[in-house]
Amino acid sequence: MELLRKGLWRGIINEFREHLPEIRDDAIVTLKEGNTPLIEARGLKDILGEVRLLLKFEGLNPTGSFKDRGMTLAVSKAKEGGGKAVICASTGNTSASAAAYAAKAGMKAYVLVPEGSVALGKLSQAMIHGACVIEVRGSFDEALAMVKEITKRYPVTMVNSLNPFRIEGQKTAAFEVCEHLGHAPTYHFLPVGNAGNITAYWKGYKEYRDKGMVSSLPKMMGFQAEGAAPIVLGRPVANPTTVATAIKIGDPASWQGALQAKQESGGTIDMVSDAEILDAYRLVASREGIFCEPASAASIAGAIKMKRHGVLKDGDTIVCTLTGHGLKDPDTAIDTSTKPVRVSANMGEIIDVMGF
Ligand code: AN7
């Protein structure tokens, strides 16, 4: 009997190599990212009607977010080029992923995060993986501007999504959606922060269409948080605010990529309020058993909004990417949920709470 099962997942570089930039075998740094599930969601029919809703749960990547797809390639290419250190500005997930892949590569990671605006889980990841964590008294946008300057002058590789290998890696999520479904969805919903991911998905879908792997393309539906919606407003936002700290970004690096995805696909870049984001966040947790982080729920909130506006039709296939795991941000989960009931070690009190 064969003890080893054939076909164990080898990470996105090895699985999609013919669609990615060339890389030397010995430079590949992988934590076996990718191959995340596309989960049928049947519990929202009272809200969404007879659309077919599928959730691409990117929170199940090695560090708990979609960033790992881009990071494996960005760090591998840095290693191939003899790089010794990487740097990023981050609202949290990029820093967690950079720290982990740098650790695996034996490289140094410097991460700049906006002080007080990074969810607890993400900060803990960057710290435990041994990154040099620099909390900047300022915004993500200010931190990114400094990272750009630093990489011009010092021997460190930028692994923000301005690094083209990040986009190349992240486009593999679109490949997986096509392969799981056997075709492209009608709509693809995503949260939008720095706009790298929507740029990457659109590139991925177009490549699979051009190579004849699928025959159609989805409409790309990007959603920003109302208090951090520069692309919707058409101008940078100086002091972005939202409970969804991952997408608290006022001047996205891939602004043009997002607009291109919207225009070419016939989709939209729109916004949802924090209240809509938190409703969707609780809904997907309580009805579908999926714990995503608040920013991720902007995709579901966007789909609900589009249903309300009569955009979605029965029979449409809709994919929402849930970009990060809910455990990244336990504070928001606790703040927005029913509090535990405290009792003495007494059967009567417990049965009373249980309502029997
Ligand atoms: C969970 O980590 O920008 O539009 O520095 O963490 O590609 O930026 C995170 C972004 C959505 C937005 N959902 O994606 C960072 C960072 C989650 C995120 C986004 C982010 P982009």
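Note that CD1 of I269 and CD of Q263 are 9.0 Å apart. Values are rounded to the nearest 0.5 Å. Distance check: Y187 OH to D316 CG gives 5.5 Å after rounding to the nearest 0.5 Å. Within the model, atoms CG of N14 and CG of D25 stand 7.0 Å from one another, a figure rounded to the nearest 0.5 Å. S124 OG to H129 NE2: the interatomic distance, rounded to the nearest 0.5 Å, is 8.5 Å. From D279, atom CG reaches atom CD1 of I47 across 9.0 Å, with rounding to the nearest 0.5 Å. Residue R10 holds its CZ atom at 9.5 Å from CD1 of I28, rounded to the nearest 0.5 Å.
Residue pairs meeting the salt bridge (Lys or Arg N to Asp or Glu O under 4.0 Å) criterion with at least one member in residues 83-110, sequence neighbours excluded, do not occur. Listed by first then second residue, pairs satisfying salt bridge (Lys or Arg N to Asp or Glu O under 4.0 Å) with a partner in residues 251-278 read K206-E264, D270-K305, E276-R308, not counting sequence neighbours. Within the structure, the salt bridge (Lys or Arg N to Asp or Glu O under 4.0 Å) test picks out the following pairs touching residues 70-79 (sequence neighbours left out): K77-E80.
When all heavy atoms of F57 and G324 are compared, the pair lying nearest together is CE1-O, 4.2 Å. In this structure, A98 and V159 approach most closely via the heavy-atom pair CB-CG2, 3.9 Å. Among all heavy-atom pairs drawn from C292 and Y281, the shortest one is O-CE1, 3.0 Å. Between A280 and A301, the shortest heavy-atom contact is CB-N, 3.7 Å. Between V133 and A126 the shortest heavy-atom distance is CG2-CB, 3.9 Å. Here the closest heavy-atom approach between residue S254 and residue S161 is recorded as OG-OG, 4.4 Å.
For the side-chain contact (heavy atoms from CB on, under 4.5 Å) test, residues two or more places apart in sequence or in another chain that qualify with K56 are T36, L38, E58, R69, E176, V177, H180, Y201, V319, T321. For K148, the side-chain contact (heavy atoms from CB on, under 4.5 Å) partners two or more places apart in sequence, or in a different chain, are L144, M158, L162. Residues that satisfy the side-chain contact (heavy atoms from CB on, under 4.5 Å) test with N239, not counting sequence neighbours, are absent from this structure. With sequence neighbours left out, E149 forms a salt bridge (Lys or Arg N to Asp or Glu O under 4.0 Å) with K152, R153. Checked against side-chain contact (heavy atoms from CB on, under 4.5 Å), T157 has the following partners two or more places apart in sequence or in another chain: A78, V86, N163.
Using a 4.5 Å heavy-atom cutoff, the side chains of L20 and F165 are not in contact. Residues N194 and I247 form no side-chain contact, since every pair of their non-hydrogen atoms from C-beta on lies 4.5 Å or further apart. A heavy-atom distance below 4.5 Å is found between the side chains of F175 and E207. For the pair Y208 and E179, the minimum side-chain heavy-atom distance is below 4.5 Å. Residues F66 and S97 form no side-chain contact, since every pair of their non-hydrogen atoms from C-beta on lies 4.5 Å or further apart. Taking 4.5 Å as the limit, some side-chain heavy atom of R287 sits within range of a side-chain heavy atom of L44. At least one side-chain heavy atom of R282 sits less than 4.5 Å from a side-chain heavy atom of T336. The side-chain heavy atoms of T242 and P240, taken from C-beta on, include no pair separated by under 4.5 Å.
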Donor-acceptor contacts, no H, no angles, side chain residues 210-224, under 3.5 Å, sequence neighbours left out:
unit_1: K211; atom_1: NZ; unit_2: H19; atom_2: ND1; d: 2.8
unit_1: Q224; atom_1: OE1; unit_2: I231; atom_2: N; d: 2.9
unit_1: Q224; atom_1: OE1; unit_2: V232; atom_2: N; d: 3.4

Show which side-chain atoms of residues 340-356 pair as donor or acceptor with protein atoms under 3.5 Å away, not counting sequence neighbours.
unit_1: S344; atom_1: OG; unit_2: E349; atom_2: OE1; d: 3.4
unit_1: S344; atom_1: OG; unit_2: E349; atom_2: OE2; d: 2.6
unit_1: N346; atom_1: OD1; unit_2: G348; atom_2: N; d: 2.9
unit_1: N346; atom_1: OD1; unit_2: E349; atom_2: N; d: 3.0
unit_1: E349; atom_1: OE1; unit_2: S344; atom_2: N; d: 3.2

Contacts under 3.5 angstrom, residues 109-118 side chains, donor-acceptor by atom type, not counting sequence neighbours:
unit_1: S117; atom_1: OG; unit_2: K248; atom_2: NZ; d: 2.8

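Taking hydrophobic clusters as Ile, Leu, Val, Met, Phe, Trp and Tyr residues chained together by side-chain heavy-atom distances below 4.5 Å, V284 shares a cluster with V272. I12 and M71 end up in different hydrophobic clusters when Ile, Leu, Val, Met, Phe, Trp and Tyr side chains are linked at under 4.5 Å. No continuous path of ILVMFWY side-chain contacts below 4.5 Å connects I249 to W255, so the two sit in separate hydrophobic clusters. Residues L60 and L181 fall into different hydrophobic clusters, defined by Ile, Leu, Val, Met, Phe, Trp and Tyr side chains chained together at heavy-atom separations under 4.5 Å. I300 and M306 fall within the same hydrophobic cluster, defined by Ile, Leu, Val, Met, Phe, Trp and Tyr side-chain heavy atoms under 4.5 Å apart, directly or through other members.
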Item to complete: Evaluate the criterion side chain to side chain donor-acceptor pair (under 3.5 Å) for residue pair Y205 and H188; output intermediate values, then yes/no.
Response: CA-CA 10 Å; Y205 279 124; H188 194 122; 2.7 Å; yes
Discussion item. As a quick check of understanding, evaluate side chain to side chain contact (heavy atoms under 4.5 Å, CB included) for R166 and T72, giving each step before the final call.
Written reply: CA-CA 8 Å; R166 282 276 315 280; T72 181; over 6 Å; no
Practice prompt. For the pair I13 and T30, evaluate side chain to side chain contact (heavy atoms under 4.5 Å, CB included) and give the outcome as yes or no after the intermediate values.
Written response: CA-CA 8 Å; I13 295 179; T30 180; 5.9 Å; no
Discussion item. Assess the residue pair L283 and I304 against the criterion (side chain to side chain contact (heavy atoms under 4.5 Å, CB included)); give the C-alpha distance rounded to whole Å, side-chain angles, the decisive distance to 0.1 Å, and a yes or no.
Written reply: CA-CA 11 Å; L283 205 58; I304 293 172; 4.0 Å; yes
Item to complete: Determine, stepwise, if the pair I318 / L54 fulfils side chain to side chain contact (heavy atoms under 4.5 Å, CB included).
Response: CA-CA 6 Å; I318 292 171; L54 299 121; over 6 Å; no
Practice prompt. Check the pair K32 / D68 against salt bridge (Lys or Arg N to Asp or Glu O under 4.0 Å), numbers first and verdict last.
Written response: CA-CA 9 Å; K32 313 295 180 188; D68 295 342; over 6 Å; no
Discussion item. Please determine whether side chain to side chain donor-acceptor pair (under 3.5 Å) holds for the pair S296 and T323, giving the CA-CA distance in whole Å, both sets of side-chain angles, and the decisive distance to 0.1 Å.
Written reply: CA-CA 5 Å; S296 305; T323 44; 2.8 Å; yes
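In the hydrophobic clustering (ILVMFWY side chains linked at under 4.5 Å, chained through shared members), I167 stands by itself.
The existence of a salt bridge linking E293 and K122 is confirmed by a sub-4.0 Å separation between a basic side-chain nitrogen and an acidic carboxylate oxygen. Between E40 and R52, at least one side-chain N (NZ, or NE/NH1/NH2) sits under 4.0 Å from a carboxylate O, which counts as a salt bridge.
Side chains of K203 and Q170: no donor on one and acceptor on the other come within 3.5 Å. If you check the side chains of T332 and D329, you find a donor sitting under 3.5 Å from an acceptor.
For CZ of R42, the number of neighbouring non-hydrogen atoms (other residues, nucleotides, ligands) closer than 6.0 Å is 12 at most.
By the 30° and 60° cut-offs, the orientation of the rings of F16 relative to W9 is perpendicular.
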